[in-house]
There are 2 protein chains.
Amino acid sequence: MRKPTIGIATVAAEAGVGVGTVSRVLNGSNQVNEATRIRVLSTIERLDYRPLRSASSLSKGRTDAVGILVSVITRPSVMARLVGVIDVLSDAGLDAVVFNVENRAQFERHLSSIIDQRRVDGIISISLRIPEERVTRIRKLGIPLVLVDNSLPNFPCVYIDDVAGGNMATKHLLSLGHRRVGFIGDNEHTALGKSSSEDRYVGYLMALEAAGIEPDFDLVARGPHTSEAAAALTSAQFELGQHRPTAIFASSDTLAVGVIKAAQHHGLKIPDDCAVIGFDNLDISSILDISTVNQPLLESGIKGASKMVSLLNGEIAKPHREELPLDVVPRGSSLGIQRNNSTKLYGVVEGPIGLQILQRGEELVS
Amino acid sequence: MRKPTIGIATVAAEAGVGVGTVSRVLNGSNQVNEATRIRVLSTIERLDYRPLRSASSLSKGRTDAVGILVSVITRPSVMARLVGVIDVLSDAGLDAVVFNVENRAQFERHLSSIIDQRRVDGIISISLRIPEERVTRIRKLGIPLVLVDNSLPNFPCVYIDDVAGGNMATKHLLSLGHRRVGFIGDNEHTALGKSSSEDRYVGYLMALEAAGIEPDFDLVARGPHTSEAAAALTSAQFELGQHRPTAIFASSDTLAVGVIKAAQHHGLKIPDDCAVIGFDNLDISSILDISTVNQPLLESGIKGASKMVSLLNGEIAKPHREELPLDVVPRGSSLGIQRNNSTKLYGVVEGPIGLQILQRGEELVS
DNA sequence: GCATGCCATGGAACCGGTTCCGAAATGGGA
DNA sequence: TCCCATTTCGGAACCGGTTCCATGGCATGC
């Protein structure tokens, strides 16, 4: 014997039935007599038969796999969305094939691969803007596509209103009496076409205008999406002397961490000397007590993947386009001590933010 | 026309060649005349032909996909390894099919699915211990398996010596003169079979013994893998009065954050009143200036995936079993101010750790 | 001029499931 | 007892590539 490969035919022969019957048993058809089913199942067990996915895919005409394109996966916000997506797909019996996109070239390569090799049934794109010509192609080919944290005409998508978010964040700072509000954003995403940061900046400008404040472009800066870069940019603003900002809106929590580092570096107390608000409500912002704009990250993944599941079932994604809610989460980095429900330590210790950060009383469960 | 499906046969007919030739062109065989190749390629272009992955898989007998089992993906350490794995696989032209494992039931389900449905060519397991019977099965079936952050006889793996790591961390604290060193670990991983935390605990005990210190089990505690839980456990230790620990080894950075929260809650200054060291060298530990044990996370993924690529190419994974190096990264949470290269702010401001944390001068690039 | 051998090529067999159609078996009703 | 509907089943055709073998053409060597 050179090929001990056990296929559906072998099982059929052993069990004394036709291949069709075995197939029916495998797929849980109810067109099978109970006794027969048992006989087939026991034969499968005995021969240790394992169906071959690709053969099934070929005849069924679908792969039961979904391609997931994610922008720099290491970003915590992206990560959270991805988890939501994977969990939903798994539950639906779909394989989650992940493509990590870190630069334009990689993006193009992965897109080609996905589109031209017909390896997946659908595509979920997370925080990425797909180039126009690709979109056209995808549309023409009729490949199911769902956007998470982005939006595209005629495709199901889950997104937030970044402009509104930027507006909310800035208004929060303005409402605390600040007039010189700085903006620290990133310019990285632009490389992959998506720029939440820019949209949030627009919201920032709108809020200023609504408050009758003339924007000061010395208080606006962009750089790579790292806290180090943000710290450097912020540092420059703090050196403006009396023209320095008294509050800063960082377009993401990661950047907000950098802003705070810079403030400490300049001996500025937070929030008294400079209030800070970030965006995303990552774990880190909770740990460091940074005010932020909360957006439902995990949920965005869940909803996006659910839409994909619907599409693949031939249904129409229920809310075709879905905008998720945002809300400001005020914390110590903007409100400071004068806040309210503080633990006893909270009012007692006078000190820089670092302290408050770590003391803000989570109830310690014992 | 009811089926406009364009297959290799259509292309062959259109180009006036045989299917074999088209296939050869697609696979870059050099057995094809240049003129013919061009003709076929242009036909492919003209018809917008796209080969079907599953058909190819079926005849080739392989899927060119690798299954990745990851324990709770959201853990930053796991995440980092995953990124390494995905990047290497992508470069090798292999699909990365990710299975997120959050509990025992899910684990079993995914394992069955992977093993019994023959959907992937190999399995990479990250930070998970595969149940004995599954291992037996995998071995018998000859499915390529690579372990990352774990080890199993006769399978290629990339791992660290957690016992040694725990030892190093504890020794670091002992070397600073501490005698009452506490341990905060987690018990979650146990649910999935893997327990780095326990191994690190063993290292902790060994270090104590080597120093001639009798372990005090009031200073040992375990709980869920969250900083909140760690804070609660630590809090209890701080209430031991004069018997409280003067230093704590947390088996991961996430837990170390909790330890620090608890210290602040109790008005203890770090590192003066209590030194802390974590494990993993996550971003957060750098931001919060927490001493830690560094392990090459991204690299573990890269090396693991490389081994898988070798295996699938029929080669033997080069270093079959590979132990990655560990090293203590001393930071403010254990060394404190008496350190050395501090910025000017560093020595000036007297205060709790929170301050130092955020002031420790990273050189701010301008 | 003929044997030899390489290159390029056509195409049938094959990979291992799924599906559909026709048929056999079963059972109920007239 | 016969007819028809229903349930269950067998198996050929099919999905769309890959591979191997046979073949034809052409150049080289004697």
Side-chain angles (χ1 to χ4, degrees), chain A residues 1-41 43-44 47-65 93 116-121 141, chain B residues 2-41 43-44 47-65 93 113 116-121 141:
Chain A
M1 76 187 83
R2 56 184 207 297
K3 271 189 183 180
T5 316
I6 298 171
I8 206 174
T10 316
V11 175
E14 283 288 321
V17 299
V19 292
T21 302
V22 176
S23 176
R24 264 162 252 152
V25 169
L26 287 174
N27 293 293
S29 158
N30 56 351
Q31 300 275 76
V32 183
N33 180 284
E34 191 53 25
T36 312
R37 174 194 306 283
I38 291 173
R39 184 149 42 94
V40 171
L41 285 177
T43 307
I44 286 176
L47 297 180
D48 195 23
Y49 163 76
R50 304 179 303 144
L52 189 67
R53 213 23 162 37
S54 46
S56 170
S57 290
L58 177 56
S59 20
K60 282 196 178 140
R62 56 187 160 87
T63 62
D64 285 325
D116 294 332
Q117 296 199 41
R118 299 205 269 172
R119 40 169 59 168
V120 295
D121 293 339
L141 293 172
Chain B
R2 54 184 209 297
K3 271 190 182 177
T5 316
I6 297 171
I8 206 173
T10 315
V11 175
E14 281 287 321
V17 299
V19 291
T21 302
V22 176
S23 177
R24 276 177 288 251
V25 169
L26 286 175
N27 293 291
S29 157
N30 55 354
Q31 300 276 77
V32 183
N33 180 284
E34 190 54 24
T36 310
R37 173 194 306 285
I38 291 173
R39 185 150 40 95
V40 170
L41 285 177
T43 307
I44 286 176
L47 298 181
D48 195 22
Y49 163 74
R50 304 179 304 143
L52 190 66
R53 216 15 161 43
S54 47
S56 169
S57 291
L58 176 56
S59 355
K60 282 196 181 143
R62 56 188 160 86
T63 62
D64 286 325
S113 160
D116 295 333
Q117 294 200 40
R118 298 205 271 171
R119 40 169 57 167
V120 295
D121 294 339
L141 293 172

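By convention in this document, chain letters (A, B, ...) are assigned in the order of the sequence lines, proteins followed by strands, and residues within each chain are numbered from 1. A quick note: this is a predicted structure, and the numbers were derived from the prediction, not measured. We use all heavy atoms of the structure for the numbers below, so side chains are in, but hydrogens, waters and symmetry mates are not.
- Side-chain contact between B:Thr43 and B:Val22 is absent, with no heavy atoms from C-beta onward closer than 4.5 Å.
- When rounded to the nearest whole Å, the span between NZ of A:Lys60 and P of D:dG17 equals 19 Å.
- OP1 or OP2 of C:dT18 has at least one side-chain nitrogen or oxygen of A:Ser56 nearer than 4.0 Å.
- Separating the CD atom of B:Glu34 from the C1' atom of C:dC7 is a distance of 14 Å, rounded to the nearest angstrom.
- When side chains are defined from C-beta on, B:Val40 does not count as touching B:Val32, because their heavy atoms never get closer than 4.5 Å.
- The CG atom of A:Asn30 sits 15 Å away from the P atom of D:dT6 (whole-angstrom rounding).
- Atom CD1 in B:Ile6 sits roughly 11 Å away from atom P in D:dG17 (whole-Å rounding).
- Judged by closest nucleotide on DNA chain C, B:Gly20 is the one of B:Arg118 and B:Gly20 placed further toward the 5' end.
- For C:dG16, its base never sits under 3.5 Å from the side chain of A:Arg53 at any donor and acceptor pair.
- When heavy atoms are screened at a 4.0 angstrom cut-off, B:Val32 is found touching the sugar-phosphate backbone but no base atom.
- The listed nucleotides are D:dT8, C:dT18, D:dT18; the one nearest the side chain of B:Leu26 is D:dT18.
- From B:Tyr49, atom OH reaches atom CD1 of B:Ile44 across 7.0 Å, with rounding to the nearest 0.5 Å.
- In the set D:dT18, C:dT9, C:dT18, the nucleotide with an atom closest to the side chain of B:Thr36 is C:dT9.
- Among the atoms of the strands shown, none is found under 4.0 Å from any heavy atom of B:Gly61.
- Within 4.0 Å (heavy atoms only), A:Ser23 reaches at least one base atom of the nucleic acid.
- Proximity note for A:Gln31 (side chain, C-beta onward) versus D:dT8, D:dT18, D:dG17: the nearest is D:dT8.
- Considering only side-chain N and O atoms, A:Asn27 lies under 4.0 angstrom from the phosphate OP1 or OP2 of C:dT18.
- Contact check for B:Glu14 versus B:Val11: no side-chain heavy atoms found under the 4.5 Å cut-off.
- Looking at heavy-atom distances under 4.0 Å, B:Val22 makes no contact with the nucleic acid at all.
- Residue side chain A:Arg24 reaches the base of D:dG11 through a donor-acceptor N/O pair under 3.5 Å, judged by distance alone.
- In this entry the distance linking CG of B:Asp64 with C1' of D:dG17 reads 13 Å, nearest Å.
- Atom CD1 of A:Ile8 is separated from atom C1' of D:dA12 by 14 Å (rounded to the nearest Å).
- Below the 3.5 angstrom threshold, one finds a donor paired with an acceptor across the side chain of B:Ser59 and the base of D:dG17.
- Closest to the side chain of B:Val19, out of D:dT18, D:dG17, C:dG17, is D:dT18.
- Atom pair B:Asn33:CG and D:dG24:C1' shows a separation of 14 Å (rounding to whole Å applied).
- Using a 4.5 Å heavy-atom cutoff, the side chains of B:Arg119 and A:Asp64 are not in contact.
- Among the protein residues, B:Val17 comes within range of the sugar-phosphate backbone only, with heavy atoms under 4.0 Å from sugar or phosphate atoms but none that close to a base.
- What separates CG of A:Leu58 from P of D:dG16 is a distance of 7 Å, to the nearest Å.
- In this structure, B:Leu52 reaches the sugar-phosphate backbone alone: every heavy-atom distance under 4.0 Å involves primed, P, OP1 or OP2 atoms, never a base.
- B:Val17 is listed as a side-chain neighbour of B:Arg39, based on a closest heavy-atom distance under 4.5 Å.
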